[in-house]
Undergrad: 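Pasting in a structure now, in structure tokens, and then I'll have a few things to ask.
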Amino acid sequence: MNRQLESTPFYVVLFGTIVLYSIFVLQLIKFPGNIGWMLLAMVLLAVTAVLFGATISIFASSELQVVQMIPFTIIPQVFFSGLIPLDLIPYHLGNLSYIMPIYYGAAAIKGVMVYGDGFFQIWGYLIGLIAYSFLLYLINAQALKKFRKL
């Protein structure tokens, strides 16, 4: 987990640089929102994703178990991220999206990039990502104490 947390700032800087380069140098991305709010949502989503991956790796005892957990953890997030309209998912299963961290990050980024939302429109999604990250951090800390000898 320590190596994953050490690599998080690198990826944040890397993706932030790519976004800033594509906006200011290449002028590829033009959207009505503030880039700062989009980057904040991306950073919170990246931190949450790293903590989610760390949670999976803590509970798995081998690499094979991690690979076997991918279909049950990562693939549902693709469906519930909003890529597929949630009202088209049958049997009210779209409501499961509210327990997926990708939903909050994608909704905040979509709000900023598509609709030009500011902080007061996306604060609930940002709080959701922060709460999810905090919860995963607590789970990781307790699981490391219980399952791994430090």
Undergrad: Report the C-alpha separation of Leu126 and Phe119 in whole Å, then their side-chain angles, then the decisive distance to 0.1 Å, and conclude whether the side-chain contact (heavy atoms from CB on, under 4.5 Å) test is met.
TA: CA-CA 9 Å; Leu126 298 179; Phe119 177 75; 4.1 Å; yes
Undergrad: Taking the side chain as C-beta and beyond, is there a heavy-atom pair between Tyr132 and Leu44 under 4.5 Å?
TA: no
Undergrad: Considering only residues two or more places apart or on different chains, which pairs with a residue in residues 62-97 satisfy ring pair (Phe, Tyr, Trp, His ring centres under 6.0 Å)?
TA: none
Undergrad: Using a 4.5 Å cut-off on heavy atoms from C-beta on, say whether the side chain of Gln77 contacts that of Ser97.
TA: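 The answer is no; the side chains never approach within 4.5 Å.
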Undergrad: Supply the atom-to-atom distance Ile122 CD1 to Asp117 CG, rounded to the nearest 0.5 angstrom.
TA: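 Reported to 0.5 Å precision, the distance equals 7.0 Å.
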Undergrad: Taking side chain as C-beta onward, heavy atoms only, is Ile139 less than 4.5 Å from Phe59?
TA: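 The answer is yes, as the side chains (C-beta and beyond) meet within the 4.5 Å cut-off.
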Undergrad: What heavy-atom pair brings Gln68 and Pro71 nearest, and what distance separates the two atoms?
TA: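 Closest heavy-atom pair between Gln68 and Pro71: O-CD, 3.4 Å.
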Undergrad: Between Tyr98 and Tyr103 (judged by ring centroids, cut-off 6.0 Å), do the two rings come close enough to count as a pair?
TA: yes
Undergrad: Using the ring pair (Phe, Tyr, Trp, His ring centres under 6.0 Å) criterion, which residues pair with Phe134? Sequence neighbours excluded.
TA: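 Counting only residues at least two positions away or on another chain, Phe134 forms no ring pair (Phe, Tyr, Trp, His ring centres under 6.0 Å).
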Undergrad: Connecting only ILVMFWY residues whose side-chain heavy atoms lie within less than 4.5 Å of each other, what is the rest of Tyr115's hydrophobic cluster?
TA: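 Tyr115 shares its hydrophobic cluster with Val114.
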Undergrad: Give the intermediate values and the outcome of side-chain contact (heavy atoms from CB on, under 4.5 Å) for residues Thr73 and Phe52.
TA: CA-CA 9 Å; Thr73 56; Phe52 194 73; 3.9 Å; yes
Undergrad: Once rounded to the nearest 0.5 Å, what's the spacing between atom CG of Leu135 and atom OG1 of Thr55?
TA: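 Interatomic distance, Leu135 CG to Thr55 OG1, rounded to 0.5 Å: 8.5 Å.
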Undergrad: Does a side-chain heavy-atom distance below 4.5 Å link Tyr104 with Ile127?
TA: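 No - every pair of side-chain heavy atoms lies 4.5 Å or more apart.
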Undergrad: Checking Tyr21 now: which residues fulfil ring pair (Phe, Tyr, Trp, His ring centres under 6.0 Å) with it, not counting sequence neighbours?
TA: none
Undergrad: Within this structure, what is the CD1-CG distance for the pair Ile102 and Leu45, rounded to the nearest 0.5 Å?
TA: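 Ile102 CD1 to Leu45 CG: 4.5 Å, rounded to 0.5 Å.
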Undergrad: Can you tell me how far CD1 of Ile58 sits from NZ of Lys145, rounded to the nearest 0.5 angstrom?
TA: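 Rounded to the nearest 0.5 Å, the NZ-CD1 separation comes to 12.0 Å.
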Undergrad: Please identify each residue that fulfils side chain to side chain donor-acceptor pair (under 3.5 Å) with Gln142, with sequence neighbours left out.
TA: none
Undergrad: Kindly give the heavy-atom pair with the smallest separation between Ser133 and Leu51, and that separation in Å.
TA: O-CD1, 3.4 Å
Undergrad: Got a sec: does the OH of Tyr125 have more than 12 other heavy atoms crowding it under 6.0 Å?
TA: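 Open: at most 12 neighbouring heavy atoms sit under 6.0 Å from OH of Tyr125.
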Undergrad: Please say yes or no: joined through hydrophobic side-chain contacts below 4.5 Å, possibly via intermediate residues, are Leu129 and Phe120 part of one cluster?
TA: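 Yes, same cluster.
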Undergrad: Using side chain to side chain donor-acceptor pair (under 3.5 Å) as the criterion, list what pairs up with Ser81, not counting sequence neighbours.
TA: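 Ser81 satisfies side chain to side chain donor-acceptor pair (under 3.5 Å) with no residue once adjacent residues are dropped.
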Undergrad: Using 0.5 Å steps for rounding, measure from the CE atom of Met113 to the CD1 atom of Ile35.
TA: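 The distance works out to 8.5 Å.
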Undergrad: What's the separation between atom CD1 in Ile70 and atom CD1 in Ile56, rounded to the nearest 0.5 Å?
TA: 7.5 Å
